[in-house]
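None of these values were measured; they are calculated from a predicted model. The basis for the numbers below is simple: all heavy atoms, side chains too, and nothing from hydrogens, waters or symmetry mates.
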Amino acid sequence: MFSLTRRILLQGAAAAMVLGLAAGSAKAEDTIKIGVLATLEGAFTVLGEDSMRGFELALQQHGGMAGGKKIVVVTGSSDASPDSAIAAARKLVEQDKVDILIGPLSGSEGLAVKDYAKTQPQVTFVNGTSAAQDTTLRNPAPNFFRFTTDGVQWQAGLGEYAFKDKGYKKVVVIAEDYDFPYSQVMGFMTDYCKAGGHVVNKFWVPIGTKDFSSIVSSIPDDIDAVYVALGGADAVNFLSQYQQAGGEKPMVGGSITVDQTVLGSEGKRKDYLIGTPSAGPIADSWDNPAWKTFVADYQKAFPKGFPSPSLFAHGYYVETEAVLTALDKVKGDLSDNQKALRATLSSLVLDTPTGKVHLDKNRNGVADIFLTEVSAGADGKLYNKVVRVIPQVPQTMGMDEATFLAIGPATRDNPSCP
């Protein structure tokens, strides 16, 4: 694991400089120590690698400094399981003594780290891309902040689009069996069921599933589409096996299922994915100067990265930008259990590559969401084309809070519209 982490961190000059600082080239009072927790092991390794690129790019653009102090970086690695995330967080906080922790990446990890944050009031925790709904919606930690919104928000508008524009009246769901896909499925079904759609069955699989043959054979013929919320190697394995088995039902994609971490992989029939609708926090083709600059900066810094930054690179970039911007505003003041820093984070209106973001009362992001369809560029590479932008989506999806909370938490069985 160390060699992998070291390889990622050494991809840019800024990271090399930061590692040098970590070796003791600056006095402790002139530094701020930031821990970065990402999935650098397991089925989501490729996601974690790109998240580190996003972190490194933000730090590089700030010259390795914030609040007038040098940033020292310590990296923690997990495998997307809550236990591994907590073990890594404990090391970063209790042994490495980081001042701020950025991460984790995956949904169930975020719930676990949120609860751990409550036991460490001296440290400020800022999300990576973990997008389980209840990381912030229910029983939030006062020292945990999320600028990257949640998995329910990421699916805003997709269900209605799939039903009304694509004509998909009946679907089955295939998703990983943990908290982030529960949130994604809820976000999709909130609009889809309201529009009149039916989810006739849900197939839940563990992270790291390699054999999807039993699920592929169980997909009924009388459906209109398959809603897929799988990430990384799981998405690639399912898509390959479904196509090999002759599957032809169109797909509706969860946010990470048609992310560049999947679209950029080899060995898939590209014609199958073209036209797949999805929604999420980014869109590869967004015609906006800030996004274009971000993509160009990413491509320059990481020529061996993806054709366009993944939502994981984008997410860690945004969260790191929030941290460094807030540290600048408070001039690096971490006194009184980081009171000034947290107040600044709570009130921060952040300009990001995908628009403005601010936090709600639960310290969860309110941001623009992008409804997209997979398309092929002139070079043959797949990308997510913007269909429309849903502005400033709140965590309650436009409902009043009481009505939204009455739906209940996202689970395997909730919501339901068979």
Side-chain angles (χ1 to χ4, degrees), residues 1-9 11 35-56 74-92 101-116 127-132 135 148 151 174-184 203-212 215 228-241 253-268 304-306 309-316 319:
M1 190 281 291
F2 174 77
S3 61
L4 174 62
T5 303
R6 186 173 184 273
R7 174 170 59 83
I8 295 165
L9 286 176
Q11 287 186 31
V36 188
L37 173 55
T39 57
L40 301 176
E41 308 162 53
F44 291 172
T45 297
V46 67
L47 284 55
E49 290 176 349
D50 213 38
S51 72
M52 293 303 301
R53 295 183 187 113
F55 167 80
E56 184 184 330
V74 186
T75 304
S77 175
S78 68
D79 62 9
S81 69
D83 287 347
S84 71
I86 289 301
R90 284 188 183 279
K91 180 183 181 299
L92 290 169
L101 190 152
I102 298 174
L105 181 145
S106 189
S108 294
E109 293 182 315
L111 292 169
V113 171
K114 180 264 300 260
D115 288 338
Y116 174 66
N127 193 54
T129 53
S130 175
T135 305
T148 45
I174 300 169
E176 287 148 336
D177 195 3
Y178 72 104
D179 293 279
F180 167 65
Y182 300 162
S183 295
Q184 288 266 275
F203 299 96
W204 301 102
V205 301
I207 295 175
T209 294
K210 293 181 172 58
D211 183 1
F212 287 88
I215 290 175
V228 183
L230 304 169
D234 292 350
V236 174
N237 287 335
F238 168 75
L239 291 169
S240 298
Q241 292 170 38
S255 301
I256 67 174
T257 306
V258 294
D259 182 67
Q260 281 294 331
T261 53
V262 175
L263 297 183
S265 66
E266 300 296 331
K268 303 184 304 299
K304 294 184 179 180
F306 294 107
S310 72
L311 69 83
F312 302 95
H314 167 265
Y316 273 71
E319 302 286 10

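- Side-chain atoms of Gln241 come within 3.5 Å of backbone N or O of Lys210 as a donor-acceptor pair.
- Summarising the geometry of Pro181 relative to Ala175, their closest heavy-atom pair is CB-CB, 3.9 Å, with the distance given to 0.1 Å.
- Every residue was checked against the ring-ring contact (aromatic ring centres under 6.0 Å, His included) condition with Phe312, not counting sequence neighbours, and none meets it.
- In this structure, CZ in Arg53 is found 11.0 Å from NZ in Lys304, a value given to the nearest 0.5 Å.
- Considering every non-hydrogen atom in both Glu319 and Gly128, the closest pair reads CG-O, 3.4 Å.
- Here CG of Leu311 is found 8.5 Å from NE2 of His314. Values are rounded to the nearest 0.5 Å.
- Trp204 is listed as a side-chain neighbour of Tyr182, based on a closest heavy-atom distance under 4.5 Å.
- Remark: the Glu109 side chain and the Ser78 side chain contain an N/O donor-acceptor pair separated by less than 3.5 Å.
- Glu176 places no side-chain N or O within donor-acceptor distance of the main-chain N or O of Ile207, the cut-off being under 3.5 Å.
- Using bins of under 30°, 30° to 60° and over 60° for the plane-to-plane angle, the ring pair Phe44/Tyr178 lands in the tilted bin.
- For the pair Ala85 and Val113, the tightest heavy-atom approach, listed with the atom from each and the gap, is CB-CG2, 4.2 Å.
- Side chains of Ser108 and Asp179: a donor-acceptor N/O pair is present below 3.5 angstrom, by distance only.
- Considering all non-hydrogen atoms of both residues, Leu37 and Ala88 come closest at CD1-CB, 3.5 Å.
- Side-chain contact between Leu105 and Tyr316 is present, with at least one heavy-atom pair separated by less than 4.5 Å.
- Across every non-hydrogen atom of Asp259 and Ser310, the tightest pair is OD2-CB, 3.0 Å.
- Between Phe180 and Thr129 there is no side-chain heavy-atom pair separated by less than 4.5 Å.
- Side chains of Asp83 and Ser81: no donor on one and acceptor on the other come within 3.5 Å.
- For the pair Gln184 and Thr257, the minimum side-chain heavy-atom distance is 4.5 Å or more.
- In this structure, OG1 in Thr148 is found 4.5 Å from CG in Asn127, a value given to the nearest 0.5 Å.
- Across Asp234 and Ala43, no two heavy atoms sit closer than the pair OD1-CB, 4.2 Å.
- Side-chain atoms of Ser106 do not come within 3.5 Å of backbone N or O of Ser130 as any donor-acceptor pair.
- Residues Val262 and Leu239 form a side-chain contact, since some pair of their non-hydrogen atoms from C-beta on lies under 4.5 Å apart.
- Distance alone, capped at 3.5 Å, places no donor-acceptor pair between the Ser240 side chain and the Asn237 backbone.
- Put simply, the side chain of Leu101 does not reach to within 4.5 Å of the side chain of Tyr116, judged on heavy atoms.
- Put simply, the side chain of Thr75 reaches to within 4.5 Å of the side chain of Leu40, judged on heavy atoms.
- At least one side-chain heavy atom of Ile174 sits less than 4.5 Å from a side-chain heavy atom of Leu230.
- Residues forming a salt bridge (Lys or Arg N to Asp or Glu O under 4.0 Å) with Asp177 (at least two apart in sequence, or on another chain): Arg412.
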